[in-house]
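To start, the structure itself, in structure tokens.
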Amino acid sequence: MAEKFYITTAIDYANDLPHVGTAYEKICADAIARYKRLAGYDVYFTMGNDEHSINVKKEADRLGYSDTAAYCDEMAVRFEEVWRKLHISYSDFIRTTEPRHRKGVQKLFRKIHDAGDIYKGHYEGWYCESCEAFLGEKDLVGGQCPHHKRKPEWIQEENYFFALSNYQDRLFDHITAHPDFIRPESRRNEILSLIRGGLEDISISRSSFDWGIPLPMDPSHVIYVWIDALSNYITVLGYGEAESDLWRYWPADVHLIGKDITRFHCVIWPAMLLSAGIALPRTIFGHGFIDFEGRKMSKSQRHAVQPLDAVERYGADALRYFLLREVTFGQDGDFSWERFEQRYNADLANDLGNLLSRSVAMAGRYFEGVVPHRDPSGDRILMDQARQTLDRVDAAMSDLQLHTALDAIWELVRAANRFVEAKAPWALAKDPSRRAELETCLYDLLENLRHLAVFLYAFMPKNS
RNA sequence: CGCGGGGUGGAGCAGCUUGGUAGCUCGUUGGGCUCAUAACCCAAAGGCCGCAGGUUCGAAUCCUGCCCCCGCUACCA
């Protein structure tokens, strides 16, 4: 039985189409998932849409939908279309409005409740309607919301709370004892200092609107959207069902998420799992953001790139390659058309494309396209290089260093181009007595292309 | 004292965990080859690795202080 590997991506708000930053996360996860499959693992890879956000409802209202669910249905279709065009090989796509999710969330909620970690309390504070959030005294400037220049209202609400503070010490100990629990290290440090500063209980229900999953013990409240969303990682494995074959994939080996939501994943989610008596995930990896032309992407300013624009112009593999190679995994990166075209031309077209082109042309010209035989006594320069590349790629992928893996592969590409220069097969072809050398040279080149195709499969599945 | 990220040849970046001749891509200059996509290969120029101290035989890499840029506060991964 193959060892299992479970990787998840964050589920996305269904109120707008994914931009390149959103796609980046799925592409990274897909590369990891494909690599693991190639390495023989039994991989499960999930993604989905988060549909219970109040922002989703507002967007549906704005567009004139009388039924928010109908809007979500359409968005789910469009999201999945984008992911398919990027060749994202996900195992399942979960939507938070699905019955299986609702059942799972309520089950988890009940578990936490039974553990004594949910209580009813009052929530009160200054509420800015424009921010849709409570503001602390120290946030106010002259008694006003600093962003909207208006006086917030004092609101009191009766809410259910999750006793997050109960888990402060256990979380801290777990993170300290497991260096790979939160990655990269900078995020880990951030979370540790956050916990050190003390955790407060959080409000986990809303009664001011009904777009969401009702509390099992009080249907007048809906469950806070983050509790709802985080649960997807287990509901997609059938947590809400009596029996699920998929449960063998838990715990997750990697939760791949954006750096902005590390707090939810590294504090609240593990605390929920601890409370419910469920095993914790192995690694939570917070990747960086992708800027566009040097500036943060923004939907309102229409400063963003649609992944499909890039796919139409250069193909999915080119976009995947650019993001995986150009961005140091874990850090922020920048997408610009200029850089993209540069990478495309230099790496894909010239280095790799030309290598393929010249190799195949020579095989055709000298051997009528038939792969020649190798002289066993010939040197193994290129073969040895490929062997080293395999080791380097494997080490890099085990450590989730996607950009390093591609670096290593491209060194092999350049080595192959150098190999051609060194062997000068066009000169060998003019000398019949060196026929064996020529055959070996071409054999090695073609064999190397085959190796490259395997190496590149995880990153560029279409063309490899 | 809010939290965090970054400052490396003209541009964009890696290296920093586990100190020991500063590396990659693009660009520039010169050369080579002709199988191939005006491609590919070789060579050269170009950096006091933000600043100042400290630890060390030795620091881009560890420690301390400072400066500058960016993100978190507005839908957003």
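Naming convention: chains lettered A, B, ... in sequence-line order (proteins, then strands); numbering from 1 in each chain.
Per the geometry, CZ belonging to A/Arg187 stands 17 Å off P belonging to B/C3, to the nearest Å. Nucleotide B/C72 holds its P atom 18 Å from the CG atom of A/Leu194, rounded to whole Å. Note: CG (A/Leu355) to P (B/U37) measures 13 Å, nearest angstrom. Atom CZ of A/Arg414 and atom P of B/C42 are 10 Å apart (whole Å). We find that CG of A/Leu356 is positioned 18 Å from P of B/C35, with the value rounded to whole Å. The interatomic distance linking A/Asn417 (CG) with B/C35 (C1') rounds to 11 Å, in whole Å. One interatomic measurement links the two molecules: CG of A/Asp291 to C1' of B/G6, which rounds to 12 Å at whole-angstrom precision.
Checking B/A44 for Watson-Crick or G-U wobble geometry (two distances, each under 3.5 Å) identifies B/U28 as its partner.
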Would you tabulate the side-chain donor-acceptor contacts of residues 322-329 of chain A under 3.5 Å, counting partners in other chains and residues two or more places apart, or write 'none'?
{"residue": "A/Arg325", "atom": "NE", "partner": "A/Asp407", "partner atom": "OD1", "Å": "3.0"}
{"residue": "A/Arg325", "atom": "NH1", "partner": "A/Tyr321", "partner atom": "OH", "Å": "2.5"}
{"residue": "A/Arg325", "atom": "NH1", "partner": "A/Asp347", "partner atom": "OD2", "Å": "3.4"}
{"residue": "A/Arg325", "atom": "NH2", "partner": "A/Asp407", "partner atom": "OD1", "Å": "2.8"}
{"residue": "A/Glu326", "atom": "OE1", "partner": "A/Arg343", "partner atom": "NE", "Å": "2.6"}
{"residue": "A/Glu326", "atom": "OE1", "partner": "A/Arg343", "partner atom": "NH2", "Å": "3.3"}
{"residue": "A/Glu326", "atom": "OE2", "partner": "A/Arg339", "partner atom": "NE", "Å": "3.0"}
{"residue": "A/Glu326", "atom": "OE2", "partner": "A/Arg339", "partner atom": "NH2", "Å": "2.7"}

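Within the 4.0 Å cut-off from OP1 or OP2 of B/C35, not a single side-chain nitrogen or oxygen of A/Lys423 is found. OP1 or OP2 of B/C40 sits under 4.0 Å from a side-chain N or O of A/Asn350. At least one side-chain nitrogen or oxygen of A/Asn55 sits closer than 4.0 Å to the OP1 or OP2 atom of B/C76.
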Report all interatomic pairs (protein N or O, nucleotide N or O of nucleotides 11-15 of chain B) with separations under 3.5 Å.
{"residue": "B/G12", "atom": "O2'", "partner": "A/Arg339", "partner atom": "NH2", "Å": "3.2"}
{"residue": "B/A14", "atom": "OP1", "partner": "A/Thr328", "partner atom": "OG1", "Å": "2.5"}

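When all heavy atoms are compared, the tightest approach of A/Val105 to A/Thr235 is N-CG2, 3.9 Å.
Checking A/Arg34 against A/Tyr457 by side-chain atom types alone, a donor-acceptor pair falls below 3.5 Å. Under the 3.5 Å distance criterion, with hydrogens and angles disregarded, no donor-acceptor pair is assigned to the side chains of A/Glu59 and A/Tyr13. Checked by atom type, the side-chain pair A/His287/A/Glu25 shows a donor-acceptor distance below 3.5 Å.
Side-chain rings of A/Phe285 and A/His255 stay apart, their centers remaining 6.0 Å or farther from each other.
Residues A/Lys26 and A/Asp12 meet the side-chain proximity criterion, which asks for heavy atoms closer than 4.5 Å.
Considering only the side chain of A/Ala349, B/U37 comes nearest among B/U37, B/C40, B/A77. The side chain of A/Glu421 has B/C35 as its nearest neighbour among B/C35, B/C42, B/U25.
Using a 4.0 Å heavy-atom criterion, one finds that A/Arg365 contacts the sugar-phosphate atoms exclusively. Note on A/Ser357: a base of the nucleic acid sits closer than 4.0 angstrom, heavy atoms only. Using a 4.0 Å heavy-atom criterion, one finds that A/Asp16 contacts no nucleic acid atom at all. If you check every strand for non-hydrogen atoms under 4.0 Å, A/Asp12 touches sugar and phosphate atoms only.
Each of A/Trp426 and A/Asp260 has a nearest nucleotide on RNA chain B; the 5'-most of these lies closest to A/Trp426. Mapped onto RNA chain B by nearest heavy atom, A/Val413 and A/Lys296 fall at different nucleotides, with A/Val413 at the one closer to the 5' end.
Contacts between residues 59-98 of chain A and RNA chain B, defined by a heavy-atom separation under 4.0 Å, are absent. Listed in residue order, the members of residues 24-32 of chain A having a heavy atom less than 4.0 Å from RNA chain B come to none. Of the residues in residues 281-290 of chain A, those lying under 4.0 Å from RNA chain B by heavy-atom distance are A/Gly288, A/Phe289, A/Ile290.
Side-chain atoms of A/His178 come within 3.5 Å of backbone atoms of A/His174 as a donor-acceptor pair (strictly under, hydrogens ignored).
The ring-ring contact (aromatic ring centres under 6.0 Å, His included) analysis of residues 53-84 of chain A, with sequence neighbours excluded, yields the pairs A/Tyr65-A/Tyr71.
Applying side chain to side chain donor-acceptor pair (under 3.5 Å) to A/Lys423 and the options A/Asp444, A/Thr440, A/Asp379 leaves one that passes, A/Asp379.
Within the cation-pi definition used here (under 6.0 Å to the ring centroid, within 45° of the axis), A/Arg263 does not qualify as a partner of A/Trp269.
Only the P atoms considered, B/A44 is 14 Å distant from B/U25, to the nearest whole Å.
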